[in-house]
Visitor: 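Dropping the structure in here first, questions after.
From a predicted model like this one, the values you see are computed outputs, not experimental measurements. All heavy atoms count here, side chains included; hydrogens, waters and symmetry mates do not.
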Amino acid sequence: MNGFPWDAFAPNLAWAAAAALAVMLVTFAVAVRAGVHRIVDVAWGVGFTAVAAVTFAASAGHGDPLRRALVTALTAVWGLRLAAHIARRGRGHGEDPRYEAMLARAPGNRNAYALRMVYLLQGALVWLVSLPVQAAQYVPGPPSALTWVGTALWAAGLGFEAVGDAQLARFRADPANRGRIMDRGLWAWTRHPNYFGDFCVWWGLYLLACDSPAAAAVSLVSPVVMTLLLTRGSGKRLLERHMAGRPGYAAYQARTSGFLPRPPRRP
């Protein structure tokens, strides 16, 4: 296997940053016009898809064609499914309470503050977290067993996330469940099946870059940062703080795993 093509990969970092920034700036313009900044959550998955597509075009003639097509397709399927799910979930709702609380503390213009603290920050995170998606497309040589292990892990994560989202949507659609805690299906095994699914997706995508030690090293930060975001950042920690006062949530926490799936504890 030839060495990793750093001279071709380096410009791709700039192209990927430009793609992520473009998605966030367009989303910002739409959100200002609509008066609702929760739209940025839809742009998260779209941003990764844009980075994958731009990298696919830029990496032509460098990486293995099968791996390039595979990592682009896996990223797009995950990103567009997530974007569509968030768009459906937010349709007809006002501002997300997280963004409302943040913007209430804005020093000066709320939209300018949102641009700095939400859109540009998320654009930077898309670029950073997408490093395996970028690096994998420049890895020379045919895919090894690691690529297929990563694809299987990605598939397990996507399935876990999609099934968990569908179960929660059905639960919320039933008026009889108003005010109740979702503790059925995958939600009986972990309090955050969607976040656990994301965790598997990004470690799976990272494995697609691991046929090259150089690509593996440069992109390891991605699944580590994503894991921290899901468990200690804007994912699990923030949501559980919001849910803490809900009736029955403390009992649900006591019997259900906080992240990694396992059978529920007996009461």
Visitor: List the steps, then state whether side chain to side chain contact (heavy atoms under 4.5 Å, CB included) holds for L21 with L120.
Guide: CA-CA 7 Å; L21 179 62; L120 295 183; 3.7 Å; yes

Visitor: Could you measure the distance from the CG atom of L74 to the CG atom of L205? Nearest 0.5 Å is fine.
Guide: 6.0 Å

Visitor: Could you please spell out the steps behind the side chain to side chain contact (heavy atoms under 4.5 Å, CB included) verdict for V126 and V51?
Guide: CA-CA 8 Å; V126 166; V51 168; 4.1 Å; yes

Visitor: Side chain to side chain contact (heavy atoms under 4.5 Å, CB included) for W154 and W203? Distances and angles first, verdict last.
Guide: CA-CA 8 Å; W154 172 91; W203 280 102; over 6 Å; no

Visitor: What I'd like to find out is whether the side chain of L208 reaches to under 4.5 Å of the side chain of L70, using heavy atoms alone.
Guide: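 Yes, side chains in contact.
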
Visitor: Taking the side chain as everything from C-beta on, heavy atoms only, tell me whether C200 gets closer than 4.5 Å to F160.
Guide: no

Visitor: Are any of the side-chain heavy atoms of R184 and F171 separated by less than 4.5 Å?
Guide: yes

Visitor: When rounded to the nearest 0.5 angstrom, what distance separates CE in M182 from CZ in R180?
Guide: 10.5 Å

Visitor: Would you find more than 12 non-hydrogen atoms of other residues, nucleotides or ligands less than 6.0 Å from R262 atom CZ?
Guide: yes

Visitor: Are L115 and L25 side-chain neighbours, meaning at least one heavy-atom pair lies under 4.5 Å?
Guide: yes

Visitor: Under the side chain to side chain donor-acceptor pair (under 3.5 Å) rule, what do W78 and T49 come out as? Steps first, then yes or no, please.
Guide: CA-CA 8 Å; W78 170 82; T49 303; over 6 Å; no

Visitor: May I ask you to check whether N111 and H37 show a side-chain donor-acceptor distance below 3.5 Å?
Guide: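 Looking only at side-chain atoms, H37 and N111 do form a donor-acceptor pair, the distance falling under 3.5 Å.
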
Visitor: Any side-chain heavy atom of W189 sitting closer than 4.5 Å to one from S257?
Guide: no

Visitor: Do the ring planes of H192 and Y195 sit parallel (below 30°), tilted (30 to 60°) or perpendicular (above 60°)?
Guide: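 If you compare the ring of H192 with that of Y195, the planes turn out parallel.
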
Visitor: Can you measure from CG (L82) to CG (N194) and round to the nearest 0.5 angstrom?
Guide: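 The CG atom of N194 is 9.0 Å from CG of L82, to the nearest 0.5 Å.
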
Visitor: Applying a strict under-4.5 Å side-chain criterion to I, L, V, M, F, W and Y, I'd like to know whether V40 and I86 cluster together.
Guide: yes

Visitor: Under a 4.5 Å cut-off applied to non-hydrogen side-chain atoms, are L13 and L131 in contact?
Guide: yes

Visitor: Within 45 degrees of the ring normal and closer than 6.0 Å to the centroid, is that where the cationic atom of R38 sits relative to Y99?
Guide: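 No.
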
Visitor: Is there a path from V46 to V30 through hydrophobic residues (I, L, V, M, F, W, Y) whose side chains come within less than 4.5 Å of each other?
Guide: no

Visitor: Judged by atom type as modelled, is there a donor-acceptor pair below 3.5 Å linking the side chain of W15 to the main-chain atoms of A58?
Guide: no

Visitor: Ion pair present between D165 and R89, side-chain N to carboxylate O less than 4.0 angstrom?
Guide: no

Visitor: How far apart are the closest heavy atoms of P132 and P223, and which atoms are they?
Guide: CG-CD, 4.4 Å

Visitor: Looking only at heavy atoms, what is the nearest atom pair of N109 and A112, with distance?
Guide: OD1-N, 2.8 Å

Visitor: With ring-ring contact (aromatic ring centres under 6.0 Å, His included) as the rule and sequence neighbours excluded, what pairs involving residues 125-148 come up?
Guide: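 Output for this query lists F9-Y138, H62-Y138.
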
Visitor: May I ask you to check whether W202 and Y206 place their ring centres under 6.0 Å from each other?
Guide: no

Visitor: Keeping S212 on the side-chain end and A215 on the backbone end, is there a donor-acceptor pair under 3.5 Å?
Guide: yes

Visitor: If you take all heavy atoms of A19 and V54, which pair is closest and at what distance?
Guide: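 Scanning both residues, the minimum pair turns out to be CB-CG2, 3.8 Å.
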
Visitor: Grab the two heavy atoms, one from E161 and one from D198, that are nearest each other, plus how far apart they are.
Guide: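 Shortest heavy-atom contact: OE1-OD1, 2.8 Å.
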
Visitor: Step by step, work out the side chain to side chain contact (heavy atoms under 4.5 Å, CB included) result for F4 and V139.
Guide: CA-CA 6 Å; F4 187 75; V139 173; 4.3 Å; yes

Visitor: Please name the pair of heavy atoms, one in D64 and one in G141, separated by the smallest distance, quoted to 0.1 Å.
Guide: CB-O, 3.2 Å

Visitor: I'd like to know whether CE of M117 has more than 12 heavy-atom contacts from other residues, nucleotides or ligands below 6.0 angstrom.
Guide: no

Visitor: Mind checking whether F259 and L228 sit in one hydrophobic cluster, side chains of I, L, V, M, F, W, Y counted as touching below 4.5 Å?
Guide: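 Yes, same cluster.
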
Visitor: According to a hydrophobic-cluster definition based on side-chain heavy atoms being under 4.5 Å apart (Ile, Leu, Val, Met, Phe, Trp, Tyr only), do L128 and L229 belong together?
Guide: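 Same cluster.
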
Visitor: Measuring only between side-chain heavy atoms, which start at C-beta, is L230 closer than 4.5 Å to F196?
Guide: no

Visitor: Please check if F48 and V224 belong to a single hydrophobic cluster, counting links between Ile, Leu, Val, Met, Phe, Trp and Tyr side chain heavy atoms closer than 4.5 Å.
Guide: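 F48 and V224: one cluster.
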
Visitor: When rounded to the nearest 0.5 angstrom, what is the spacing between CD in Q137 and OG1 in T72?
Guide: 3.5 Å

Visitor: When rounded to the nearest 0.5 angstrom, what distance separates CZ in F199 from OG1 in T227?
Guide: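 These two atoms lie 5.0 Å from each other.
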
Visitor: Test your reading of the model: is there a side-chain donor-acceptor pair from D211 to the backbone of S144, 3.5 Å cut-off?
Guide: yes

Visitor: Answer with yes or no whether the side chains of D183 and T256 bring together a donor and an acceptor at under 3.5 Å.
Guide: no

Visitor: So, for L66 and P143, which heavy atoms are closest and what is the spacing to 0.1 Å?
Guide: CD2-CG, 4.0 Å

Visitor: Within a strict 4.5 Å, meaning less than it, do heavy atoms of the M24 and F28 side chains meet?
Guide: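 In short, these two side chains do not touch, never coming nearer than 4.5 Å.
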
Visitor: Kindly compute the distance separating CG (L158) from CZ (R81), expressed to the nearest 0.5 Å.
Guide: 6.0 Å

Visitor: Evaluate N12 against Q134 for side chain to side chain donor-acceptor pair (under 3.5 Å), listing each step before the verdict.
Guide: CA-CA 8 Å; N12 193 93; Q134 300 177 57; 3.2 Å; yes

